[in-house]
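Numbers restart at 1 for each chain; the letters A, B, ... are given by sequence-line order, proteins then strands.
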Number of protein chains: 2
Amino acid sequence: MNLLLKNIAKHVTLTPEDEGRVLFLTEPQTFKAKTILLKQADVCTQSYFVIKGILRSYTIDENGVEHVVSFACPEWWIADMYSYLSQRPGQLFIEVIEDAEVIVLTKENQEKLYSEVPKTERFFRILIENSLIANQKRLINNLTFTAEARYDIFTKKFHSILPYLPQKQIASYIGVTPEFFSRMKAKLLKK
Amino acid sequence: MNLLLKNIAKHVTLTPEDEGRVLFLTEPQTFKAKTILLKQADVCTQSYFVIKGILRSYTIDENGVEHVVSFACPEWWIADMYSYLSQRPGQLFIEVIEDAEVIVLTKENQEKLYSEVPKTERFFRILIENSLIANQKRLINNLTFTAEARYDIFTKKFHSILPYLPQKQIASYIGVTPEFFSRMKAKLLKK
DNA sequence: AAATGCACTTGACCTAGATTATGAAATTAT
DNA sequence: ATAATTTCATAATCTAGGTCAAGTGCATTT
């Protein structure tokens, strides 16, 4: 059964016709690892709901340094929210880490969905609320905790996909250099 | 005229009856500077739309260190989103910085509003979307820029209220100690 | 099978920002 | 006004984490 519908059902109740509209306006797609779905400075015209595999979003700063913004596992959405919502060029890349099956929702179809199936408005509101909360927590964590503690929090949150993530990307996500991360890990093993 | 209705009108169009419901379900209130509207570990049962004055939210970590999470100027909302949405004890304090007029919306009335005036669902979705974007930008900024650059970004974003903010709170917001902030400011003046 | 290129490790050295301490200036309360 | 509290400035010392550089083990390409 469709994982997206199942996911929507956790928050709002759709009629079978509503569900039909959702299926009609979304499109399953598969991508190989290392595929780039969105490039920095491009407009993000679609968001992705992950069925299988792992994706990530990241930015490259003025000094050429990569910063991982998010990892997306199954049942998560990923997009450059700024660009997707404003339809202006964004800062993020979106890349497939592990061969992925996703459901694609274009910005256009998202708007159609809102007007044709008003209940989805609530579903997406709740989704965004949850990401906002997660984001604020991460911000506070970054201000409050040391790199070691942040790593600990990270492993708990992402333990299921941990073995698939190159550690330079974990380092980047928690906000330290790969060199420092490597040293930190070695130190932790000694305990 | 009511600033909240004006603000809503920027995103969705309400009928006069709808507007009546909004007015009925919200309540203007005034608070003196230094009033604490929410304490850490309490459940956040209301959110505040600022008409006049300045508020802030902050947390106190395990070591007793304060971290400013947000400042709210006129036309902004403030709440402990995690606690407000989950109705569980939160981590944030909310405090009045400058004598304030606010419009109070209780969680209960928020739910009523969603069901009685469905269009408000879109309004709040858009609001949350915008805070999510702002939050992600701040996260990236923190990972990417030095304290000096973050201060520069801060002054641009909050220039209108800058004179009212104690600099230890600015320091906390951008993520440095008051001592370091003081020295940084002195250094910047020399240029 | 060699060659190219990453991801990771380790070491030496460096720096942005933290910590601790002290005093002056400015608010706030009495 | 003046005492009390808080904010701000400055200086000395310390450290978490960064930078640069060199080397190792794996994949992927040819």
To the nearest angstrom, the NZ-P distance between Lys187(A) and dT10(C) comes to 14 Å

Notebook entry, point to check: Any side-chain donor paired with an acceptor under 3.5 Å for Asn141(A) and Thr144(A)?
Noted result: no

Angle separating the five-pair end axes of the helix from dA1(C)-dT30(D) to dT30(C)-dA1(D), nearest 10°, is 50°

Per the under-4.0 Å heavy-atom filter, residues of residues 58-70 of chain A near DNA chain D come out as none

Is the side chain of Lys107(A) donor-acceptor paired with the backbone N or O of Gln87(A) at a distance under 3.5 Å, no angle test?
no

>> Looking only at the side chains, is there a donor atom on one of Gln46(B) and Tyr84(B) sitting less than 3.5 Å from an acceptor on the other?
In response: no

Open item on the list: Once you measure the plane-to-plane angle for Phe71(A) and Phe154(A), does it fall in the parallel (<30°), tilted (30-60°) or perpendicular (>60°) bin?
Closed with: perpendicular

Note: with side-chain heavy atoms under 4.5 Å as the link, the other cluster members for Tyr48(A) come out as Phe31(A), Leu37(A), Leu38(A), Val50(A), Leu55(A), Ile78(A), Ile94(A), Val96(A), Val102(A), Val104(A)

Practice problem: Using a strict 4.0 Å threshold on nitrogen-to-oxygen distance, state whether Glu66(B) and Arg56(B) make a salt bridge. | Solution: yes

In whole angstroms, the gap separating P of dT10(D) from CG of Leu188(B) amounts to 13 Å

Should Lys34(A) and Glu95(A) count as an ion pair when the cut-off is N to O under 4.0 Å?
no

The salt bridge (Lys or Arg N to Asp or Glu O under 4.0 Å) partners of Arg138(B) (sequence neighbours excluded) come to none

Item to complete: Check the angle between the aromatic planes of Phe49(B) and Trp77(B) and answer parallel, tilted or perpendicular using the 30° and 60° thresholds.
Response: tilted

Ion pair Glu179(A)/Arg183(A), N-O distance below 4.0 Å: no

Taken to the nearest whole Å, CD1/Ile174(B) to P/dA16(C) is 15 Å

Check the angle between the aromatic planes of Phe181(B) and Tyr151(B) and answer parallel, tilted or perpendicular using the 30° and 60° thresholds. perpendicular

In B/S/- notation (B base, S sugar-phosphate only, - none; protein heavy atoms under 4.0 Å), nucleotides 16-30 of chain D written 5' to 3' is -BSBB----------

So, Glu75(B) and Lys6(B), do they make that salt bridge, N to O below 4.0 Å?
no

Ordered by number, residues from residues 152-168 of chain A within less than 4.0 Å of DNA chain D (heavy atoms) are none

Would you tell me whether Tyr58(A) and Gln169(A) have side-chain atoms, one donor and one acceptor, within less than 3.5 Å of each other? no

